[in-house]
Amino acid sequence: MFASVKEQMDIIREGTVEIIPEDELVKKFEKSIKKNTPLNIKLGCDPSRPDLHIGHSVVLNKLRQFQELGHNAILIVGDYTGMIGDPSGKKKTRPQLTFEETRINGESYFEQAGKILDVSRARVVYNSEWLSKLDLKELINLLSKFTVQRILERDDFTNRLKDQTEIALHELLYPIMQGYDSYAIDADVELGGTDQKFNNLVGRDVQKRFGKEQQVVITMPLIEGTDGSEKMSKSMDNAIGITEDPKDIFGKTMSIPDILIYKYFQLTTKVSLEELAEIKKTLENSENNPRDTKRRLGYELVKLYYDAETAEKTIEEFDKVFIKKETPDDIPDHEVKVDSIKLIDLLTEAKLSESKTVARKLIEQGAVSIDGKKQSDMNLVIDLKDGMVFKVGKRKFMKIKK
RNA sequence: GGGUAGGUAGCGAAGCGGUCAAACGCAACAGACUGUAAAUCUGUCGACAAUUGUCUUCGGAGGUUCGAAUCCUUCCCUACCCA
């Protein structure tokens, strides 16, 4: 049984940037109710970057809503395109994946998405299934339905032409291949970030050219990463991974700029609309410390990807280390076999610093302490004792184990 | 195929024979401060050794020179214009 069209629309519309076109979605819902068949909701996944971060969760959350409304979630792993290798980086050609890698990554993607989706009711397909069967004749037929101008309209390409960065020929085919995926699985709706708008619209074109019903494209906002300016991505090193340690999820959340707090709540957590309104009010009142709201955000995220208990513990640890500046409970051990060692050698060996030179600089800057006592002698030789606690910077700790 | 402009540290970008381990910006790291791993300010930011030293870096390989990121040869790569 499906909910009413209005109910479904209200839920789906929430948080989206665009629904193209909205009236077609209404019609699709109507038809689905009348025929009592679920809609196919497509989401493409990139198997070259199998680590999901909370930026991906925005779109996955929307997909989950569709699931909850009784529709089919279809995850498409772009293994075929992954095997060809997408050199979308500026200079580096992306390493081409082997067949095995795409499978492993695909599975890992699926597993991670399971933290958000109901995977037992989701379908995963690999696009090699149909793309590898296209022969040149069919490919040419497919390509003949598009013009260079149409493909170059895409912002990315336009900008790259302007910036004089290379565009590999096959990159031009990507949108068409992705569009072909929609045709192959009979997608009714395709979800994606706003950056995928163009690609997803091409899906509509492909379906139309081949005489199929066109999909509705729903775009979701992209969120900025922890640096607050660039879109969250692993390559920008500003992402919060959903499989990261609770303390990293929490800590990284605490490092986002204050202005992003609301957006994160809205797009990456499951808090209700009422709570959202309350959070907004809290943030607008300058008497409140944004830190406290941010801390709640971190709590919500840890709770989402772990559980409430872990979230409580994480918050306690954070307070202890960063607000009260105490030593955390859980410190990694470093096993030593010798009785004494130079401090700089120890720090390097234990990976608390990258090199001895860096270790020296850290000591010079007063970043190193042993059992709470700041060390300033870079030639210091330490007599190692079991249980000694070393601290480097604000968050690197190590306990000696003999 | 012809022409032009380029390839510099994590990225962007100066330098165009010695004073270059290489300006500057961003990122990163550290310190101070702070209601936060926000913001702001200060510092560090190739490696090794130590108190002004040594070694490896400026697309690759050779060469010229007392001395090269800087000049020459050659190769590889990229963008743009022309065909």
Side-chain angles (χ1 to χ4, degrees), chain A residues 87-94 152 157-169 171 224-241 244-265 282-283 285-302 314-328 342-345 347-349 351-369 374-381 390-397:
Chain A
S88 62
K90 276 180 195 158
K91 282 183 181 166
K92 295 167 244 167
T93 303
R94 212 177 256 187
L152 289 181
F157 291 145
T158 314
N159 291 337
R160 280 161 74 180
L161 279 172
K162 208 164 53 190
D163 298 348
Q164 310 197 347
T165 29
E166 66 179 296
I167 300 172
L169 199 51
E171 289 185 77
E224 290 86 352
T226 51
D227 60 357
S229 52
E230 295 296 323
K231 159 184 136 178
M232 183 178 289
S233 81
K234 213 184 159 199
S235 49
M236 289 301 298
D237 206 26
N238 63 1
I240 303 176
E244 286 190 73
D245 275 356
K247 69 169 191 288
D248 285 325
I249 291 182
F250 190 85
K252 285 184 180 185
T253 304
M254 288 305 281
S255 79
I256 65 168
D258 294 350
I259 24 161
L260 242 43
I261 298 174
Y262 183 77
K263 196 169 181 184
Y264 269 52
F265 261 113
T282 309
L283 284 169
N285 183 344
S286 56
E287 275 174 34
N288 295 313
N289 183 358
R291 184 197 64 179
D292 297 328
T293 314
K294 211 193 271 184
R295 175 197 276 174
R296 176 163 169 217
L297 173 64
Y299 172 86
E300 291 290 341
L301 286 169
V302 176
T314 308
I315 221 169
E316 271 170 39
E317 282 284 294
F318 184 86
D319 285 356
K320 198 168 176 183
V321 178
F322 296 106
I323 296 177
K324 298 185 195 138
K325 313 226 187 246
E326 290 170 9
T327 310
K342 279 185 80 172
L343 181 55
I344 51 169
D345 289 332
L347 295 178
T348 311
E349 189 186 294
K351 302 224 170 72
L352 290 179
S353 78
E354 294 156 46
S355 66
K356 293 183 192 176
T357 305
V358 172
R360 281 206 178 82
K361 302 268 150 102
L362 286 167
I363 294 170
E364 214 169 69
Q365 291 176 123
V368 179
S369 67
K374 199 167 271 189
Q375 301 300 315
S376 54
D377 178 7
M378 56 175 96
N379 292 315
L380 185 69
V381 177
F390 289 74
K391 182 184 176 195
V392 175
K394 280 181 211 154
R395 43 187 160 133
K396 276 187 242 162
F397 291 90

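Quick note on labels: first sequence line is chain A, next is B, and so on, each numbered from 1. Nothing here was measured: the structure is a model prediction, and the numbers come from that model. Below, all heavy atoms of this structure are taken into account, side chains as well, without hydrogens, waters or symmetry copies.
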Q. Think Lys356(A) has a side-chain N or O under 4.0 angstrom from the OP1 or OP2 of A47(B)?
A. no
Q: Look at the side chain of Lys394(A) and the base of U34(B), then say whether one donor and one acceptor between them are separated by less than 3.5 Å.
A: no
(Q) Distance check needed: U34(B) C1' versus Lys324(A) NZ, whole Å only. (A) 18 Å
Q) Closest nucleotide of RNA chain B for Asp248(A) versus for Lys342(A): which of these residues is on the 5' side? A) Asp248(A)
Q: Report yes if a side-chain nitrogen or oxygen of Thr357(A) is closer than 4.0 Å to either non-bridging phosphate oxygen (OP1 or OP2) of G46(B); otherwise report no.
A: no
**Q.** Rounded interatomic separation in angstrom, taking CD1 from Ile256(A) and P from A38(B)
**A.** 12 Å
Q | Whole-angstrom distance between G17(B) and U64(B), as gauged at atom C1' | A | 11 Å
Q) Can you check whether Asp292(A) reaches Thr282(A) side chain to side chain, under 4.5 Å on heavy atoms? A) no
Q. Could one point to a donor on the side chain of Gln365(A) or the base of G43(B) with an acceptor on the other under 3.5 Å away?
A. yes
Q | 5′-ward residue of the pair Lys396(A)/Ile344(A) relative to RNA chain B | A | Lys396(A)
**Q.** Pairwise C1' distance for U42(B) and U52(B), with rounding to whole Å
**A.** 24 Å
Q.
What's the gap between G10(B) and U65(B) when it is taken at their P atoms, as a whole Å value?
A. 33 Å
Q: Using a cut-off of strictly less than 4.0 Å, decide whether Arg360(A) has a side-chain nitrogen or oxygen near OP1 or OP2 of A49(B).
A: yes
